[in-house]
Amino acid sequence: MIDKEWIDFVNNEKNSDILHDPQIIKIFSDEWNCTSFHKVLETDLGKIGVPAYIIKNSFLGKKITTQPFLYFPKLLGHMDDTKAIEHLINKAKNLGKKWFVEYKSHQKLDSQICKNFGIKTVSPLIDSTLFLENSYDDQIKNFQKRFLVNIKSKSKKLEQEKIIIKSAETEDEIKKFYDLLCKSYKNKHRILCHPQSLFLNLFLTLKKSNSIDFILAIKNQNVIAEIIVLKKNSTWNYSWGAYDESLQNKNLNLNTLLINSAIKDAISKKMKIFSFGSTSVTDKNLLMYKTHWGCSHESIYYHYWNKEPNVLDVNEKYYKLRSLFRTMPMPIFKFLSKEFSPRLA
């Protein structure tokens, strides 16, 4: 059950993005077996909207977290990280000795505050944001030059290859995208994928309010690439992407072309921010890719109370062991993803 005061606060807060939205909070809570603890706090300087989820059945322990996995909703209203984390710590104490807090922020807490509360901090991720210009012509001035030349040359190939870009309209197209995503997670990233039900629920629920777009690349009626863009107010979030890896040799850079299409669309609709999300600090290639678009980068600090910091680096940790995923039949991989990925929240 999402707090009514939170719903009212978000609806009136222009700086809120899709990760604050009650619709997506409910979807995430249902899919990841967690409970919304999104609260609005009263302070002398104004109200603070504090996003949080309570998770009691994770393999990682019983915790209160800003949000599961790598997602990162920011505070709303008056920005006071100390008040926010104190609020979460008090809740964790009430729940029991085994509970811990995982609080994510762009701000590194003062060392004295960390000492007083017993907080330990790590910075495993970088948040990448593209600030949008008033026109696409102005935007591409911020692209790395060779990168822009590559986008232009690959765009011409779309017509030659008879590939069209469109928005998903049916559940069947979402299922085809999910097949591509699973192949990417299994063979390239070597990690479990979110369940198919998550993407179907996002599509069916958020499509009604135009808060999501599954942007497809289609060839011969087959989905060969797709990205998911979540939308709210003036911010669009690039959230997931996958492509048919058999096309790698043709060097079409389909995901890049789909992102470029989304950025054009965002600018035409007067959006202000296109978020590229978070990246491991060890993934230099992905960080460089986001830099080519002209992104600004900020560290994300993970503040832990009642737990030693231990953030799984999916770019490097257990990489050889995770290679076993590549030999796994796809039906088994999908089954394991459905059964176990929510327990990794």
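The figures that follow rest on heavy atoms only: side chains count, while hydrogens, waters and symmetry mates do not.
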Residue pair Asp127, Ser278: steps toward the side-chain hydrogen bond (donor to acceptor under 3.5 Å, both in side chains) verdict:
CA-CA 4 Å; Asp127 194 24; Ser278 56; 5.8 Å; no
Would you say the side-chain atoms of Lys186 pair up with the backbone N or O of Phe333, donor to acceptor, closer than 3.5 Å?
no
Taking the six-membered ring for Trp, is the centroid-to-centroid distance between His38 and Tyr53 below 6.0 Å?
yes
Report the C-alpha distance between His194 and Ser341 in whole Å, list the side-chain angles of each, state the deciding distance to 0.1 Å, and finish with yes or no for side-chain hydrogen bond (donor to acceptor under 3.5 Å, both in side chains).
CA-CA 6 Å; His194 293 296; Ser341 66; 4.7 Å; no
Electrostatic pair Asp179-Lys176, nearest N-O below 4.0 angstrom:
no
I want to know whether Phe199 and Trp240 have ring centres closer than 6.0 Å.
yes
Contact between Trp236 and Leu132 at the side-chain level, heavy atoms closer than 4.5 Å - yes or no?
no
Ignoring hydrogens and geometry, is there a side-chain-to-backbone donor-acceptor pair from Ser123 to Ser299 under 3.5 Å?
no
Determine the minimum heavy-atom distance between Leu19 and Tyr71, stating which atoms define it.
CD1-CB, 4.3 Å
Stepwise side-chain hydrogen bond (donor to acceptor under 3.5 Å, both in side chains) test for Tyr289 and Asp283:
CA-CA 10 Å; Tyr289 174 75; Asp283 195 343; over 6 Å; no
Answer yes when Asp17 and Lys232 have at least one side-chain N-carboxylate O distance shorter than 4.0 Å, and no when they do not.
no
Take Gln112 and Asn116 through the test side-chain hydrogen bond (donor to acceptor under 3.5 Å, both in side chains) and record every step on the way to the result.
CA-CA 6 Å; Gln112 189 59 48; Asn116 292 343; 3.0 Å; yes
Chi angles and distances behind the salt bridge (charged side-chain N to carboxylate O under 4.0 Å, His left out) call for Glu13, Lys47
CA-CA 11 Å; Glu13 179 59 57; Lys47 292 183 177 182; over 6 Å; no
Measure the shortest side-chain to side-chain distance between His78 and Thr43 over non-hydrogen atoms and say whether it is less than 4.5 angstrom.
yes
Between Phe143 and Trp293, ring centroids under 6.0 Å
yes
For Phe335 and Lys338, run side-chain contact (heavy atoms from CB on, under 4.5 Å): C-alpha distance rounded to whole Å, both residues' side-chain angles, the deciding distance at 0.1 Å, then the answer.
CA-CA 5 Å; Phe335 172 79; Lys338 177 183 177 181; 5.7 Å; no
Ser16 and its side chain to side chain donor-acceptor pair (under 3.5 Å) partner, picked from Asn233, Asn11, Thr235:
Asn233
Pair Leu130-Ile273, side-chain contact (heavy atoms from CB on, under 4.5 Å): steps then yes or no:
CA-CA 6 Å; Leu130 184 66; Ile273 291 173; over 6 Å; no
For Gln23 and Ser209 the tightest heavy-atom approach is NE2-OG, 3.5 Å
Please tell me if the side chains of Leu254 and Ile163 come closer than 4.5 Å, counting only heavy atoms from C-beta onward.
yes
So, for Phe203 and Phe214, is the gap between ring centers shorter than 6.0 Å?
yes
Is the His87 ring parallel, tilted or perpendicular to the Phe37 ring (thresholds 30°, 60°)?
parallel
Does Lys98 NZ have over 12 foreign heavy atoms under 6.0 Å away?
no
Closest non-hydrogen atom pair, Ser128 against His297:
OG-ND1, 2.8 Å
Determine, for Tyr136 and Lys264, whether the Lys NZ or Arg CZ falls below 6.0 Å from the six-membered ring centre while staying within 45 degrees of the axis.
yes
Is any side-chain heavy atom of Pro309 closer than 4.5 Å to a side-chain heavy atom of Lys120?
yes
Are Ile267 and Asn134 close enough that some pair of their side-chain heavy atoms sits under 4.5 Å apart?
no
Nearest atoms (heavy-atom pairs only) where Asp265 meets Lys231
OD2-NZ, 4.4 Å
Might you point out which heavy atoms bring Ile64 and Ala52 nearest each other, and give the distance in Å?
CG2-CB, 4.1 Å
Donor-acceptor contact present, side-chain Lys290 to main-chain Phe276, <3.5 Å:
yes
Assess the residue pair Lys175 and Asp172 against the criterion (salt bridge (charged side-chain N to carboxylate O under 4.0 Å, His left out)); give the C-alpha distance rounded to whole Å, side-chain angles, the decisive distance to 0.1 Å, and a yes or no.
CA-CA 5 Å; Lys175 292 175 182 177; Asp172 185 57; over 6 Å; no
Same cluster for Met79 and Ile119 if Ile/Leu/Val/Met/Phe/Trp/Tyr side chains link at under 4.5 Å?
yes
Exactly one of Thr66, Asp80, Leu88, Val40 clears side chain to side chain contact (heavy atoms under 4.5 Å, CB included) with Val50, and that residue is Leu88
Looking at Ile218, is its backbone amide N or carbonyl O close enough to the side chain of Asn222 to form a donor-acceptor pair, meaning the two atoms are under 3.5 Å apart?
no
Cationic N near anionic O, under 4.0 Å, Lys272 to Glu133
no
Between Ser197 and Glu31, do the side chains contain an N or O donor and an N or O acceptor separated by less than 3.5 Å?
yes
Answer yes or no: is there a donor N or O on one side and an acceptor on the other, between the side chain of Ser337 and the main chain of Cys193, under 3.5 Å?
yes
Walk me through it: do Leu257 and Ser155 pass the test side-chain contact (heavy atoms from CB on, under 4.5 Å)?
CA-CA 7 Å; Leu257 297 182; Ser155 296; 3.5 Å; yes
Return yes if some donor-acceptor pair links the side-chain N/O of Trp99 with the main-chain N/O of Ile89 below 3.5 Å, else return no.
no
Tell me if the centroids of the rings in Phe72 and His106 come within less than 6.0 Å of each other.
yes
Among Lys154, Arg146, Lys152, the one residue meeting side chain to side chain donor-acceptor pair (under 3.5 Å) with Asn150:
Lys154
Tell me whether Leu252 is reachable from Ile263 by hopping between hydrophobic residues (I, L, V, M, F, W, Y) whose side-chain heavy atoms are closer than 4.5 Å.
yes
If you measure from OG1 on Thr279 to CG on Leu70, what distance do you get to the nearest 0.5 Å?
9.0 Å
Please answer: with hydrophobic residues joined when any side-chain heavy atoms are less than 4.5 Å apart, are Phe274 and Ile140 in the same cluster?
yes
To the closest 0.5 Å, what do you measure between CG (Leu75) and CD (Gln107)?
9.5 Å
From the list Glu102, Lys63, Lys62, side chain to side chain contact (heavy atoms under 4.5 Å, CB included) partner of Ile55 resolves to Lys63
Hydrophobic cluster membership, with links at side-chain heavy-atom distances under 4.5 Å among I/L/V/M/F/W/Y: are Leu216 and Ile228 in one?
no
Parallel, tilted or perpendicular: which describes the rings of Tyr301 and His303, with under 30° parallel and over 60° perpendicular?
parallel
May I ask you to check whether Tyr103 and Tyr302 place their ring centres under 6.0 Å from each other?
no
Output yes when a side-chain donor or acceptor of Asn33 lies under 3.5 Å from a complementary backbone atom of Ser29, and no otherwise.
no
Does any non-hydrogen side-chain atom of Glu339 lie less than 4.5 Å from one of Lys334?
no
Same cluster or not: are Leu204 and Leu202 linked, directly or through other Ile, Leu, Val, Met, Phe, Trp or Tyr residues, by side-chain heavy atoms under 4.5 angstrom apart?
yes
When you compare the side chain of Leu180 with that of Tyr243, does any pair of heavy atoms fall below 4.5 Å?
no
